[in-house]
Amino acid sequence: MAEFKNEFSWSFSKAKDFSACPRRYYWERYGSWGGWENMAPQKVKDAYRLKHMKNRYALVGIAVDLAVKEAVAKIQAGEEVTFEEAYKTARDYLVKVWYEHQKKDYEKNPKRSTCIRDLYFSEFLIGDDESRQAWGDFIKERLTVCLENFFGMILPKLRPYLANGEIIPIGGEGIQSESFTIGGVKIYAAPDSVIKTEDKILIVDWKTGKQQQYHEYQVRVYGIWAQKKHGIPAHMIELALVYLPDGTWKNVPYDEDRDSETFKYISESVECMRDKLKGRDIELNEPLNMEEFEQTGCLEECARCNFVELCQRTFTLALKDES
Ligand code: SF4
């Protein structure tokens, strides 16, 4: 079987990891590479397993994304979808994940079988049964709020686009990951929902956490993707961040100045990543020694990170809103 190549590429999430903690970027992109092989060193296998853990915020995000995308596709096809149906789609996913965690299948196949970080690290330090109850309560509450706001506040704004447009499928089974290149570097971009009408393209990112300034950069990268991959001129691109916990629809301005700012951001980030490669060679893509990837001094980052046991960092377990 042909060997996979660890290809150098850039994505918003890689840039975010790199700026939060270069060591985390190392574990994610290099230290875990090949961890699926039986013969891999134990540390690499551990890094590969830990990289695939998901916390409650990420899981709610995936579940809501599944439910919302399914609802949007059905409504666009002329069907109606109720809150209960969408809730069931999201809940079915979370129940599946829950059982995967209980069965510990992730020990053998961490990519296909979820390990729930909050339970793995016993972040709910209130006894086994109560911990599980608290985890379930959190999930249920956030899921309900997000989907209620989708149906009550967001869907009415989306309907005119759905009535006059077509959905461009992004990601999923059998669909290639979306990417484009800048200066020979592959840039991955995976917008949540893309709707193309006669005179514009609407790109929406569904958020199930709190508002962050960097989200605007993230969707602007999607704007560049739409231009490069689909040849859509900047003036026809509409970007929106939708925060489902409070039902906010935030339009993100997109024009040529902001476009150049985003290009600059990507280029600078790529250059910082190249500094950590032998000979700065992106074709070779061989990292410097792990020690060259600095560990963050911010223990709050460590408290949110999947790799604490590899870095042997201790942190205070706290049930705070880290979304
Ligand atoms: S545990 Fe801390 S130092 Fe280690 S990778 Fe994570 S954030 Fe970085």
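Just so you know, ligand 1 is whichever comes first in the structure, and atom 1 is the first atom listed for that ligand.
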Number the atoms of ligand 1 from 1 as they appear, then name those within less than 4.0 Å of a heavy atom of Val308, with their elements. 1 (S)
Counting each atom of ligand 1 from 1 as listed, which ones have a heavy atom of Arg24 under 4.0 Å away? 5 (S), 7 (S)
Check [Y] with [X], please: is the shortest side-chain N to carboxylate O separation under 4.0 Å?
| X | Y | value |
| --- | --- | --- |
| Glu216 | Lys250 | yes |
| Glu100 | Arg112 | no |
| Lys16 | Glu301 | no |

Run the ring-centre check on Tyr57 versus Phe138 and record whether the distance is less than 6.0 Å. yes
Does any N, O or S atom in Cys305 come within less than 2.8 Å of atom 6 (Fe) of ligand 1? yes
Quick check: closest heavy atoms across Glu7 and Asn285, and the distance to 0.1 Å? C-ND2, 3.4 Å
For atom 2 (Fe) of ligand 1, which protein heavy atom lies nearest, and how many Å away is it?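 Answer, as residue, atom name and distance: Cys302 SG, 2.4 Å.
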In the protein, what heavy atom is nearest to atom 4 (Fe) of ligand 1, and what distance, to one decimal place, separates them?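 For atom 4 (Fe) of ligand 1, the nearest protein heavy atom is Cys311 SG, 2.3 Å.
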Cys21 and ligand 1 - part of the residue with a heavy-atom distance under 4.0 Å: side chain
